[in-house]
Amino acid sequence: MSVVSIGEGVDEGMEVRKREAGVGEAVVQVLRQITTSSACTLTLLTGPTISPQLVLKDIVSTRMAWDVTLLRTDQYNITTAIASLPHLIHKARQVGLQRECVLLVVACDTLSFLSALGHVSVTHRLMTWGWKMVVVTRLALHHITPLFTSSSSMYSTPPASSWTFTMMDTVFFLYQNNTTAVRWQIFSYLPYGPRGGQMVLVASWSSGRNLPLIFPHKFHNFHGAKVGVTTLPYKPYWMVEDGDGLNGTVHYSGSDRQMLEVIASVLNFTIHVLPVTTWAQVVGKVEARQSLFAPVIHFMLPHRTQRYSFTTTYEHGNSLAFAMAKPSLRPGWESLYYPLTDQVWGAILAVLIIVPVLFYLVGRGVTATSDDLPNSNILDSVMALVGSFLGQTVSRKCCESNATKVMVGTWLTFALIVSTAYKSNLIASLALSKYPSRPESLDQLVQTVHRITMQPFGADYLDFLRKSESESFRAWAKLMTTGIGVGVVEGLNQADISRQAHIDERRYLEQNIAEHFTQVDGSSRLYVGRTSLLPGLVAWPVPHDAPYKPVIDAVFFAVQEAGLYNKWLEDILAESRRYGRKKRQAEVEEVGVVGGATMSTPEAGTADKRITGMVVFVVLWTASQNKQCRFTTDYPLLNVSQRIPIFPFSQISTLLLARHPLI
């Protein structure tokens with residue numbers, strides 16, 4: 001056993017009173033109740049006028065292996081003793097976090113010192129949910145009652161002065177001075193007992209007797225108590241439905257609401273949603289211990305853990321994602337360009353420039369006096385070859401020599417291959433719409449949009465993003481500087497009509513898109529990016545070192561292992577999509593037309609398609625029916641028996657008219 005002394009208190013010459021006898025023995029029995037492991041530590045804090053000599057003497061005499069940390073305060077000046085509490089508690093927590101279990105023993109007969117200890121122990125996080133505390137005092141029960149009902153006049157926030165004594169595993173050893181024998185009554189405060197919050201007598205004990213179990217289970221049964229929680233609507237996790245009109249009753253739904261109902265059923269408490277209007281108030285009441293927890297999804301960010309803790313994570317697939325408008329189809333006239341790639345079009349253009357020149361040079365060697373031949377000049381050569389490429393006839397006079405015959409035959413073969421490939425690809429491109437590429441990752445997003453919007457809690461992410469080493473994260477923060485505080489529906493509407501994106505939790509985006517932006521045919525103009533922007537774990541916020549966290553985590557594990565939570569989410573999203581389709585259909589039937597930025601029908605854009613189809617038809621028909629004035633009349637251009645139909649005008653025009661109807 002080792003004893004570590006922290007502080008500069010003085011106890012030489014202190015009077016050892018008979019009434020202090022037996023405290024060390026009780027402490028040893030409490031330690032044996034907690035664990036038999038030697039990896040535990042005893043932290044002893046004595047208030048003014050109390051000497052730790054007898055306690056230490058009894059513990060040392062048992063020769064047990066626990067280490068002892070002695071927190072020494074000024075035993076003559078109460079003001080100095082209270083002022084030293086923050087430093088001593090900080091040291092005690094550092095020592096305790098290195099041990100498997102911790103027992104805190106406080107010996108004090110001064111109410112003001114105990115009240116100050118209650119406040120400082122919360123603000124400086126003296127205890128975690130697994131630690132135990134024993135308060136030894138000669139104060140009467142009615143003297144310590146203010147520690148549980150209200151705060152000391154020195155501190156204004158009741159939870160800050162009573163949390164350690166009411167919610168944590170704390171028992172009070174009250175000395176009974178009406179008997180000659182050393183006798184102690186052991187009390188504990190039950191915040192959610194059968195009769196509400198009250199002090200209950202756990203046991204009576206005298207020196208030399210075995211100590212019964214003195215730490216009751218405070219949170220296995222709330223006995224129907226009304227428990228305050230804070231939350232705001234956040235679909236599909238927490239949703240507010242219309243009340244029944246009786247006493248302003250409001251009904252809630254959602255996956256987290258269902259999880260809360262399961263926890264309330266297991267732990268036997270009544271849910272009471274505290275009124276809040278902002279997300280800052282939601283977690284603020286948790287941080288101030290006015291709310292037991294916030295039963296709605298929160299990302300476990302590093303800076304948030306400095307203000308409050310979290311339950312166990314229950315949704316591993318959650319992440320921040322972005323939503324923006326799907327890229328629209330390109331204009332219909334571009335359908336002529338889709339079938340071939342840029343490289344193929346470039347190669348065809350190069351061939352159309354080079355081959356007429358060669359054709360002209362070869363034709364000049366046939367006869368020097370044949371000025372009426374189609375290839376007698378460079379312009380005629382171009383018109384002849386390009387015309388044949390579009391389905392026009394080729395004059396027989398241009399193919400009198402073997403060289404020109406070989407060249408024309410090669411050219412027609414080339415034109416046949418290209419036109420066949422073009423026709424096949426054109427049919428495919430007209431049958432399947434081709435959308436332009438769209439952003440799917442954060443790197444692509446910050447290069448595409450000019451603004452990013454997010455709800456008010458997005459301010460929590462700004463500092464983290466600005467300090468990140470990732471250029472994409474810093475660009476994200478820059479784009480979001482003017483977009484904080486935009487609601488999800490408003491943000492999605494803005495994303496639908498302008499080049500910007502809205503960022504939120506993935507399922508929340510999917511829920512709102514399904515409910516507000518689903519079209520009559522079940523599709524939507526918005527999409528959620530495939531890649532997660534900021535993957536992370538999610539949980540419910542709870543106060544630091546909340547002792548009821550283990551029982552809530554146990555319910556989370558049971559629900560998660562049964563697969564109920566994911567089933568709830570799937571059902572909610574499916575119902576939202578059905579509701580969105582029915583809502584759009586009802587609007588169409590009532591108004592007769594579909595309006596607004598979030599709605600469209602397959603008939604939209606029909607006028608544009610008709611105009612495009614007419615233009616394409618006229619261009620192709622003109623190109624096919626054009627006559628070259630320099631061709632000889634012996635071989636009329638429209639003589640079908642002498643045409644070589646390379647370019648499939650009739651088939652292509654039929655396809656285009658089918659896609660862009662004129663009537």
Side-chain angles (χ1 to χ4, degrees), residues 1-3 16-47 50-70 96 99-109 114 127 129-141 144 164-191 193-194 198-221 547 550:
M1 175 187 297
S2 62
V3 179
V16 178
R17 304 173 185 178
K18 180 180 178 181
R19 288 175 296 183
E20 294 174 0
V23 175
E25 180 185 354
V27 169
V28 171
Q29 292 198 37
V30 172
L31 284 171
R32 287 173 176 169
Q33 285 186 10
I34 297 175
T35 181
T36 59
S37 172
S38 61
C40 293
T41 185
L42 168 66
T43 300
L44 177 60
L45 172 65
T46 56
I50 298 294
S51 173
Q53 291 178 357
L54 277 184
V55 178
L56 289 176
K57 181 179 179 180
D58 287 351
I59 294 174
V60 172
S61 65
T62 61
R63 300 190 180 188
M64 303 193 74
W66 296 301
D67 294 333
V68 178
T69 302
L70 177 60
R99 294 294 182 174
E100 181 180 313
C101 60
V102 176
L103 175 64
L104 301 169
V105 178
V106 179
C108 180
D109 293 338
L114 289 176
M127 297 182 66
W129 59 267
W131 294 11
K132 312 290 184 183
M133 176 182 283
V134 173
V135 179
V136 182
T137 182
R138 287 187 290 267
L139 295 172
L141 179 61
I144 65 173
T164 299
F165 301 134
T166 59
M167 302 292 284
M168 307 301 289
D169 281 334
T170 302
V171 294
F172 286 79
F173 278 60
L174 303 185
Y175 178 76
Q176 304 298 303
N177 58 5
N178 56 354
T179 60
T180 57
V182 178
R183 183 179 177 83
W184 301 88
Q185 282 190 331
I186 306 172
F187 288 87
S188 179
Y189 188 87
L190 296 183
Q198 60 179 347
M199 286 286 287
V200 296
L201 178 64
V202 178
S204 297
W205 178 79
S206 298
S207 179
R209 299 174 55 187
N210 291 329
L211 184 68
L213 297 176
I214 61 174
F215 291 101
H217 296 294
K218 294 185 177 183
F219 304 104
H220 286 186
N221 188 346

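In terms of the side-chain hydrogen bond (donor to acceptor under 3.5 Å, both in side chains) criterion, Gln198 has no residue partners (sequence neighbours excluded). With sequence neighbours excluded, the residues that form a side-chain hydrogen bond (donor to acceptor under 3.5 Å, both in side chains) with Lys132 are Asp169. Not counting sequence neighbours, the partners of Leu141 by the side-chain contact (heavy atoms from CB on, under 4.5 Å) test are Ile144, Leu174, Phe187, Met199. Annotation: ring-ring contact (aromatic ring centres under 6.0 Å, His included) contacts of Tyr189 (sequence neighbours excluded): Phe148.
Looking at Trp184, Tyr175, Phe172 one by one, the single match for side chain to side chain contact (heavy atoms under 4.5 Å, CB included) with Val136 turns out to be Trp184.
In this structure, Trp131 and Leu104 have side chains that are in contact, with non-hydrogen atoms separated by less than 4.5 Å. Residues Leu103 and Val134 have side chains in contact (heavy-atom distance under 4.5 Å, counting atoms from C-beta outward). Met133 places a side-chain heavy atom less than 4.5 Å from the side chain of Thr164. The side-chain heavy atoms of Val135 and Leu114, taken from C-beta on, include a pair separated by under 4.5 Å. Within the 4.5 Å cutoff, no side-chain heavy atoms of Thr43 are placed close to those of Val105. For the pair Phe219/Pro547, a side-chain contact is recorded, criterion being any heavy-atom separation below 4.5 Å from C-beta on. Ser188 places none of its side-chain heavy atoms less than 4.5 Å from the side chain of Thr170. In this structure the side chain of Lys218 reaches within 4.5 angstrom of the side chain of Pro191, judged on heavy atoms.
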Full working for side chain to side chain contact (heavy atoms under 4.5 Å, CB included) between Phe173 and Ile214: CA-CA 10 Å; Phe173 278 60; Ile214 61 174; 4.0 Å; yes
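Separation of atoms CG (Leu42) and CG (Leu70) is listed at 9.5 Å; rounding is to 0.5 Å.
Panel note: side chain Thr41, backbone Val102; no donor-acceptor pair is recorded below 3.5 Å. Asp109 places no side-chain N or O within donor-acceptor distance of the main-chain N or O of Thr137, the cut-off being under 3.5 Å.
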